Protein chains: 2
Amino acid sequence: MLDGKWTTLIVRELLTGPKRFGELRDALGTVSPKTLTDRLRSLEHQGILTRTVYAEVPPRVVYELTEQGATLTTVLHAMLEWGERHPQP
Amino acid sequence: MLDGKWTTLIVRELLTGPKRFGELRDALGTVSPKTLTDRLRSLEHQGILTRTVYAEVPPRVVYELTEQGATLTTVLHAMLEWGERHPQP
DNA sequence: CAGCATCCTAATAGATACTG
DNA sequence: CAGTATCTATTAGGATGCTG
């Protein structure tokens, strides 16, 4: 479910609260809009996050973890700890 | 580091002790020998497991987690718990 | 037994340009 | 702003046959 280069990182960003498309793109650094859209759609279809469109000008789209998505915190936290204890050379 | 369809499953199998190539292949079900080899080599190069060849006839090759690999238990355990709490429909 | 060699497909991801 | 469209590159994975 967390497969792919970006999926885990996207979930991590959303753990600290809802984010807009542009915020996610900036936080992830070098992800292309296509890839970000692909991954967000996949997570949405799996029920991990929701996509909310605000019909404004300019448009605003907010991504937010579902209850189920939020429960991934424990997994992400275990990964964080492992990464801190085993830094890459 | 755990990227790919099989990597996490391979590590999981090795958490319960060293395994031979054939044991891993059988435990994983439908993995092709090429893919299994690829993933094992990748994990070996990352220092997660060791590959030991016994020069016998027939040959025997044993894969075993390193100390570093064994510390992945906490991550795998968090994943296991999540999976049990969120079964797929 | 534990693979290696070779060829193939599918999916992820990136680059770039364009749009409601 | 938040995408979409199109194209290309890379990689994971599979199928099949062969071998030390």
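Residue numbering restarts at 1 for every chain, and letters A, B, ... go by the order of the sequence lines. What you are looking at is a predicted structure, and each value in this text was computed from that prediction instead of being measured.
B/Arg20 comes within 4.0 angstrom of sugar-phosphate atoms only, judged by non-hydrogen atoms across all strands, and of no base. Backbone-only engagement by B/Thr37 is indicated by non-hydrogen atom pairs under 4.0 Å involving sugar-phosphate atoms exclusively. Heavy atoms of B/Tyr54 sit nowhere under 4.0 angstrom from any nucleic acid atom.
B/Leu28 has its CG atom 14 Å from the P atom of C/dG3, to the nearest Å. Rounded to an integer number of Å, the gap from B/Asp3 CG to D/dG13 C1' is 13 Å. For the pair B/Arg60 CZ and C/dA2 C1', the computed distance is 13 Å after rounding to whole Å. Remark: P of D/dA2 and NZ of A/Lys19 are 13 Å apart, rounded to the nearest angstrom. The CG-P distance, from A/Leu40 to D/dT4, rounds to 10 Å in whole Å. Rounded to whole Å, the distance from NE2 on A/His45 to C1' on C/dA11 is 17 Å. For the pair A/Phe21 CZ and C/dG20 C1', the interatomic distance rounds to 15 Å; values are reported in whole Å. Regarding B/Arg51, its CZ atom lies at a distance of 11 Å from the C1' atom of C/dC4, rounded to whole Å.
The closest side-chain heavy-atom distance from B/Leu24 to B/Leu40 is below 4.5 Å.
Listed pair A/Arg25 / D/dC1 fails the phosphate criterion, with no side-chain N or O lying under 4.0 Å from OP1 or OP2. Contact check, B/Trp6 against D/dT11: no side-chain N or O comes under 4.0 Å of OP1 or OP2. Contact check, B/Arg41 against D/dA12: no side-chain N or O comes under 4.0 Å of OP1 or OP2. Contact annotation: B/Lys5 side-chain N/O to D/dG14 OP1/OP2 distance is under 4.0 Å. Contact check, A/Arg39 against C/dT12: a side-chain N or O comes under 4.0 Å of OP1 or OP2.
A donor-acceptor contact under 3.5 Å links the side chain of B/Lys34 to the base of D/dG13.
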>> What verdict does the side-chain contact (heavy atoms from CB on, under 4.5 Å) test give for A/Trp82 and B/Gln68, after you've listed the backbone C-alpha separation in whole Å, the side-chain angles of each residue and the deciding distance to 0.1 Å?
In response: CA-CA 10 Å; A/Trp82 195 90; B/Gln68 190 182 47; 3.9 Å; yes
>> Please determine whether side-chain contact (heavy atoms from CB on, under 4.5 Å) holds for the pair A/Leu36 and A/Phe21, giving the CA-CA distance in whole Å, both sets of side-chain angles, and the decisive distance to 0.1 Å.
In response: CA-CA 8 Å; A/Leu36 183 53; A/Phe21 186 88; 3.8 Å; yes
>> Let's go through B/Thr74 and A/Glu81 carefully: what are the C-alpha distance in whole Å and the side-chain angles of both, what is the deciding distance for side-chain contact (heavy atoms from CB on, under 4.5 Å) to 0.1 Å, and is it a yes or a no?
In response: CA-CA 9 Å; B/Thr74 53; A/Glu81 277 211 330; 5.9 Å; no
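Listed nucleotides: C/dG14, C/dC4, D/dG14. Nearest to the side chain of B/Ser32: D/dG14. When distances run from any side-chain atom of A/Val61 to the nucleotides C/dA2, D/dG3, C/dG14, the shortest one goes to D/dG3. With D/dA2, C/dG3, C/dA17 as the choices, the nucleotide that has an atom nearest any side-chain atom of A/Pro33 turns out to be C/dA17.
The OG1 atom of B/Thr50 sits 11.5 Å away from the CG atom of B/Leu43 when rounded to the nearest 0.5 Å.
If A/Tyr63 and B/Gly4 are placed on DNA chain D by their nearest nucleotide, the residue sitting closer to the 5' end is A/Tyr63. Remark on DNA chain C: of its neighbouring residues B/Pro58 and A/Pro59, the 5'-side contact belongs to B/Pro58, judged by nearest-heavy-atom nucleotide.
The closest donor-acceptor contact from the side chain of A/Thr7 to the backbone of A/Asp3 lies under 3.5 Å.
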